[in-house]
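Order of appearance sets the numbers: ligands from 1, and atoms from 1 within every ligand. Just so you know, these numbers use all the heavy atoms, side chains as well, and skip hydrogens, waters and symmetry mates.
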Amino acid sequence: MVYTIEQVKALVREFADFPSKGILFRDIFPIFREPAAVECLVSHFVERIQATGKQVDVVVGLDARGFLLGPLIALRLGVAFAPVRKGGKLPGSVARVTYQKEYGEDVFEMQADAVTKGQQVVIVDDLLATGGSCGAAEELVHKLEGVVVLDAFIIRLAGLEGDKRLRAPVYALMEC
Ligand SMILES: O=P(O)(O)OC[C@H]1O[C@H](OP(=O)(O)OP(=O)(O)O)[C@H](O)[C@@H]1O
Ligand SMILES: Nc1ncnc2[nH]cnc12
């Protein structure tokens, strides 16, 4: 089967009250059960990134669901992939930021040599909610003297206005 991007979007499911009461969880994993859907999704993102006209040197994926799509996009673009991980998971010298989540704080880290001065970066994640995670990732890239040219998501939760916390342009495949 060959998927259209609308058919890919239709694979995203919703679960009420997960992981806690009042949260409507958007589940992207059904996409990854269908290789042809993944193919369509990756091609779509690669086209959107190329349409910016910006040179891209590194795709940065956010722990953990950004690791599903980020490396596939990087491979297709023929550029590096670098992970942003939750605190204490990466060896060697790291850049570190503390960021605000819905309840309390969390820590994101990147290896200090994952992005070099002046490199242009696309940040990839499954979902933009409050923008706390992606904002922290932007800050890490800036600490390493990289330049974020695009923040790309499968889903943007429109009501939360997470893009207002972000410095780079935002692309989301679907708005919920
Ligand atoms: O815009 P925000 O309000 O920061 O929320 C979005 C982030 O929340 C989820 O990750 P989570 O921190 O739940 O981690 P996980 O990927 O390990 O489940 C999601 O995958 C994004 O990374
Ligand atoms: N509603 C939601 N669904 C899936 N992941 C999320 N991360 C933050 N909010 C989320």
Side-chain angles (χ1 to χ4, degrees), residues 5 8-34 37-38 41-42 44-45 48-49 56 58-74 80-91 94-111 114-115 121-144 146 148-176:
I5 199 67
V8 174
K9 289 186 201 177
L11 292 174
V12 174
R13 300 184 298 191
E14 294 181 346
F15 287 90
D17 298 324
F18 182 87
S20 52
K21 197 153 178 60
I23 304 286
L24 183 60
F25 188 87
R26 269 73 180 203
D27 177 24
I28 58 156
F29 284 112
I31 298 172
F32 290 86
R33 295 180 192 158
E34 301 287 346
V38 176
L41 185 67
V42 172
H44 180 85
F45 274 91
R48 293 304 301 229
I49 291 165
V56 176
V58 185
V59 173
V60 165
L62 306 194
D63 197 343
R65 284 170 266 156
F67 298 169
L68 296 166
L69 193 54
L72 296 173
I73 293 171
F81 173 79
V84 165
R85 293 220 63 188
K86 304 267 167 81
K89 305 279 187 183
L90 289 169
V94 296
R96 178 184 176 88
V97 296
T98 301
Y99 65 101
Q100 208 59 39
K101 304 229 305 184
E102 211 170 351
Y103 301 107
E105 288 184 343
D106 213 338
V107 172
F108 259 172
E109 292 177 346
M110 276 185 85
Q111 287 178 310
V115 171
V121 170
V122 173
I123 295 175
V124 174
D125 203 1
D126 65 326
L127 183 140
L128 174 65
T130 66
S133 306
C134 189
E138 283 188 338
E139 205 179 321
L140 281 173
V141 172
H142 294 144
K143 278 190 177 203
L144 301 183
V148 181
V149 296
L150 185 71
D151 295 319
F153 305 91
I154 300 175
I155 300 162
R156 183 174 84 92
L157 300 186
L160 294 176
E161 300 190 322
D163 47 342
K164 293 203 172 146
R165 287 177 72 167
L166 303 180
R167 290 163 66 171
V170 170
Y171 172 70
L173 171 62
M174 54 197 285
E175 312 275 332
C176 295

Provide, to 0.1 Å, the distance between atom 16 (O) of ligand 1 and the closest protein heavy atom, together with that atom's residue and name.
-> Ala64 N, 3.1 Å
Using a 4.5 Å cut-off on heavy atoms from C-beta on, say whether the side chain of Lys86 contacts that of Asp106.
-> yes
Of all the non-hydrogen atoms in the protein, which one sits nearest to atom 1 (N) of ligand 2, and at what distance?
-> Leu24 O, 2.9 Å
Rounded to the nearest 0.5 Å, how far apart are CZ of Arg26 and CG of Leu157?
-> 5.5 Å
What do you reckon, does Leu62 put a non-hydrogen atom under 4.0 Å from ligand 1?
-> no
So how far is it from Ile28 CD1 to Leu173 CG, rounded to the nearest 0.5 Å?
-> 11.0 Å
Distance (rounded to the nearest 0.5 Å) between Leu62 CG and Leu69 CG = 11.5 Å
Working to the nearest 0.5 Å, report the span between CD1 of Ile154 and CG of Asp125.
-> 8.5 Å
Can you check whether Asp126 has an N/O within less than 3.5 Å of an N/O in ligand 2?
-> no
At under 4.0 Å between heavy atoms, which part of Glu14 makes contact with ligand 2: side chain, backbone, both or neither?
-> neither
Judged by non-hydrogen atoms, does Gly131 sit under 4.0 Å from ligand 1?
-> yes
When distances are taken from atom 20 (O) of ligand 1, the protein heavy atom at minimum range is Asp126 OD1, 2.6 Å
Of the listed options (Asp27, Leu127, Leu157), which comes nearest to atom 6 (C) of ligand 2 when hydrogens are ignored and any heavy atom counts?
-> Leu127
Considering only protein heavy atoms, which is closest to atom 14 (O) of ligand 1, and at what distance to one decimal place?
-> Lys86 NZ, 3.3 Å
Can you tell me the protein heavy atom closest to atom 5 (O) of ligand 1 and the distance?
-> Ala129 CB, 3.5 Å
Note: Asp63, heavy atoms under 4.0 Å from ligand 1, region reported as backbone
For atom 6 (C) of ligand 1, the protein heavy atom that lies nearest, with its residue and separation = Leu127 O, 3.5 Å
Closest non-hydrogen protein atom to atom 10 (O) of ligand 1, residue and atom name please, with distance?
-> Arg65 NH2, 3.7 Å
Do the charged groups of Arg85 and Glu109 touch, with an N to O distance under 4.0 Å?
-> no
So do the side chains of Val38 and Phe32 get within less than 4.5 Å of each other, counting heavy atoms only?
-> yes
With the side chain counted from C-beta on, respond yes when Leu166 and Leu128 share a heavy-atom pair under 4.5 Å apart, and no when they do not.
-> yes
N/O of Leu128 under 3.5 Å from N/O of ligand 1, yes or no?
-> no
Any N/O pair Ser133/ligand 1 closer than 3.5 Å = yes
Near Arg65, which atoms of ligand 2 are under 4.0 Å from a heavy atom of that residue?
-> 4 (C), 5 (N)
Closest protein heavy atom to atom 21 (C) of ligand 1, given as residue, atom name and distance to 0.1 Å = Asp125 OD2, 3.1 Å
Got the closest protein heavy atom to atom 3 (N) of ligand 2, with its distance?
-> Arg26 N, 2.9 Å
Atom 3 (O) of ligand 1 sits nearest the protein heavy atom Thr130 OG1, 2.5 Å
Side-chain touch Val122/Ile73, heavy atoms, less than 4.5 angstrom = no
Steps toward side chain to side chain contact (heavy atoms under 4.5 Å, CB included) verdict (Phe18, Ile23) = CA-CA 6 Å; Phe18 182 87; Ile23 304 286; over 6 Å; no
What closest approach, in Å, do Leu68 and Phe29 show between heavy atoms, and which atom pair accounts for it?
-> CD1-CE2, 3.5 Å
